[in-house]
There are 2 protein chains.
Amino acid sequence: MAHEMPRIYPDQINRDLLYAWGAVGNKYEKGDVIFTEGEAAKYYFQVEKGSVRMYNMSHEGKEYTQGMFYAGQSFGEPPLLLGETYPAAAVACEASVVIRLAKNSFQNILEEYPAVQRTILDTMARRAYQKAITARDMMISNPETRLQNFLRQCRLQAGNPPGLLQIPFTRQELAHFTGLRVETVIRTLSKMAEEGKVVIRERKLYC
Amino acid sequence: MAHEMPRIYPDQINRDLLYAWGAVGNKYEKGDVIFTEGEAAKYYFQVEKGSVRMYNMSHEGKEYTQGMFYAGQSFGEPPLLLGETYPAAAVACEASVVIRLAKNSFQNILEEYPAVQRTILDTMARRAYQKAITARDMMISNPETRLQNFLRQCRLQAGNPPGLLQIPFTRQELAHFTGLRVETVIRTLSKMAEEGKVVIRERKLYC
DNA sequence: CGGTTCATTGACCAACCTCAAAGTACGTGG
DNA sequence: CCACGTACTTTGAGGTTGGTCAATGAACCG
C-alpha cells in the first residue's frame, strides 16, 4: 500500500554527500525486507523514494509498528551508533528506493561534518521524545485515547493542515500502530464517529 | 527510598566543565519536584548525587515510570534540544544533588566541543534504542515477559554481575515500570518464583 | 466474474484490574 | 523494650475491558 504522506522534511543527510562517500541506492518492492530484528547494524539507511515500516512481531503473531519512514528520512541509526542489533525489522511498504551507506563512512561523515552530527543528534532526540510520548500513551491510556493520540501525530506529520485530513492507514494498520486489535479499533472509531470526534465516510477515516 | 544502583558510567559531561560554563548544583529532598510534565525545557540536568525518577500520571491516577537516573547521568535533554515541553515529570527519589545548566550554555558547549556533542548523540541513541525495546515488550508481551524483560534491564544496568542480584525496587515500583498493577506484579512474581525463574527470600526479590 | 483484501458485527471469554481486608516488616518515640 | 504508625506485601472475590473466534458484507481489481 502506498501511504500518501507529504515530504515535509528535507533529506536527513544530503544525498550527494552520501553518494560522494560511497553510498548506493537500492530498490525494494512492496514487502521486501531491508533488515530483520536481531541482525547486526552495518549501514546507515535513508529513504530516497517510497516508504519503510519498522515493526516487531511476537511468537503468537501479535504485531507492533514502531514507526514509518518516508522520503528524506533516515532509520535504524540508534543500533548503528551503539554497535547493537536491530530491535525491530524494516520492510518496504511500496516500491521504494533506499540509500545505504557503510557504517565506517557514516562515522567518518559525523566526524568530518559537525553540522551533520548536529542534525543526527536532533533526529535522535526527536526519536527519543516521540517514543517517550508514545510509551506514556500506551501505558496509561484506554483505546480511545491511544487512537486519538496517534491521529494527532498523523496530523502533525502531515503539517497540521486546516480542515479534515484523510488518514492513509487501514484499520489493521492502525491496530498495529496502537497495539490494539482490528475489532477494537473498528468499534472504538465507530463510537468516536458517533460522538463527532472523527469522521467516517465510505469507510474512509478523517480527522 | 534510596535505590542502590552502582555508578557504572562516568559523568555525562565533566562536572568542572559544566561549572566553568555557569552551572549550579541544587539540592533536592526525597520527593522534591525537579520539573513537571508540560513545562518548557530550560536547563540541562545532570545527577551529581542520588537518583531521579521521570514519570507520567494519568487523570485516573495510573502511573508510568519512564526512567531512573543515577549519579553521572543526564536527563530531560530531548525536549531541551528540540525546544519542546517535558513529556514527563521528574522528582528526586532520595536526597540528591542535581547540576543545572542554562539552555544557551548547553548549546554553546555542544558547538564548542564536538566530543561532548558526540557523547550526547550516543546517549540520545541509547535512549531511543532502549525505548524501542521497551515499547516492543509492552505492546506484544504478557505480564511475565514484561517483568522478565525489566529484570533483565536491571541486571544490565548493574553490569550483569554473576550470581543473584537483589532488585532494589518495591512491588509498587515494579508495577510503575511495567505498567501493571501491584497485585498483578505480586501474583506474577509468585508464580515465577515457584517456577524457579526468580528468587524471593524474606519478601526480597533476586534474579 | 472470481479472488483478494478490508471492514463490520455478534457472542463469548480470559486476563488483568478493582476493591476490600489482613498480614508483615520496620522505624520511632515514649 | 514495647506500642504504635507507616509502608509494603499478600490474598481473595468479583467485575470489565479488550481480545478471540466465526461469519458476513463491501470494495476493488484483473
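Reminder, nothing fancy here: chain letters follow the sequence lines and each chain counts from 1. What's counted below: heavy atoms across the whole structure, side chains too, no hydrogens, waters or symmetry copies.
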B:Asn56 side-chain N/O to B:Thr65 backbone N/O, donor-acceptor pair under 3.5 Å: no

Terminal axes of the helix from C:dC1-D:dG30 to C:dG30-D:dC1 (5 end pairs apiece), angle rounded to 10 degrees, sit apart by 40°

Contacts satisfying ring-ring contact (aromatic ring centres under 6.0 Å, His included) that involve residues 175-194 of chain A (not counting sequence neighbours) are A:Phe150-A:Phe177, A:Phe169-A:Phe177

Across all chains, not counting sequence neighbours, the side-chain contact (heavy atoms from CB on, under 4.5 Å) partners of A:Gln130 are A:Arg126, A:Gln153

How many whole angstroms separate atom CD1 of B:Ile167 from atom P of D:dT9? 13 Å

Looking at every non-hydrogen atom in both residues, tell me the closest pair between B:Cys207 and B:Val198 and how far apart they are. CB-CG1, 4.3 Å

Does A:Arg187 place a side-chain N or O at less than 4.0 Å from the phosphate oxygens OP1/OP2 of C:dT9? no

So which one's nearest nucleotide on DNA chain D is more toward 5', B:Ile200 or A:Ser141? B:Ile200

Listed partners of B:Arg118 passing salt bridge (charged side-chain N to carboxylate O under 4.0 Å, His left out), at least two apart: B:Asp122

For B:Tyr206 and B:Arg201: C-alpha separation, side-chain torsions, deciding distance, then whether side-chain contact (heavy atoms from CB on, under 4.5 Å) applies. CA-CA 8 Å; B:Tyr206 306 82; B:Arg201 270 204 302 263; 4.0 Å; yes

In whole Å, what is the span from the CD atom of B:Gln172 to the C1' atom of C:dC17? 13 Å

Using a cutoff of under 3.5 Å, can you pull out all pairs of nitrogen or oxygen atoms linking the protein to nucleotides 25-29 of chain D, with atom names and distances?
| from | atom 1 | to | atom 2 | distance (Å) |
| --- | --- | --- | --- | --- |
| D:dA26 | O4' | A:Arg203 | NH2 | 3.1 |

Considering only C:dA7, D:dT9, D:dG18, which nucleotide approaches the side chain of A:Thr170 most closely? C:dA7

In whole angstroms, the gap separating P of C:dC17 from CD of B:Glu63 amounts to 15 Å

My understanding is that only residues two or more places apart in sequence, or in another chain, count here; which of them pass side chain to side chain donor-acceptor pair (under 3.5 Å) with A:Tyr64? none

Short of 4.0 Å, heavy atom to strand atom, which residues of residues 176-185 of chain B count as contacting DNA chain C? B:Gly179, B:Leu180, B:Arg181, B:Glu183, B:Thr184

For B:Phe45, ring pair (Phe, Tyr, Trp, His ring centres under 6.0 Å) partners two or more places apart: B:Phe35, B:Phe75

Quick one: B:Asn142 CG to C:dA14 P, roughly how many Å, whole number? 16 Å

Results of salt bridge (charged side-chain N to carboxylate O under 4.0 Å, His left out) for A:Arg171 - residues two or more places apart only: none

Sorted by chain and residue number, the ring pair (Phe, Tyr, Trp, His ring centres under 6.0 Å) partners of A:Tyr28 (sequence neighbours excluded) come out as none

Tell me: NZ of A:Lys62 to C1' of D:dT20, nearest whole Å? 12 Å

5'-most contact on DNA chain D (nearest-nucleotide basis), A:Pro143 vs B:Ile186, goes to B:Ile186

Atom CG of B:Leu189 and atom C1' of D:dC8 are separated, to the nearest Å, by 14 Å

In short, salt bridge (Lys or Arg N to Asp or Glu O under 4.0 Å) pairs touching residues 34-46 of chain A with sequence neighbours left out are A:Glu37-B:Arg136

Could you state the atom-to-atom distance from CZ of B:Arg146 to C1' of C:dA15 in whole Å? 12 Å

Whole-Å distance separating the CG atom of A:Leu174 from the C1' atom of C:dA7: 12 Å

For B:Thr145, which residues count as a side-chain contact (heavy atoms from CB on, under 4.5 Å) partner, sequence neighbours excluded? B:Ser141, B:Asn142, B:Asn149

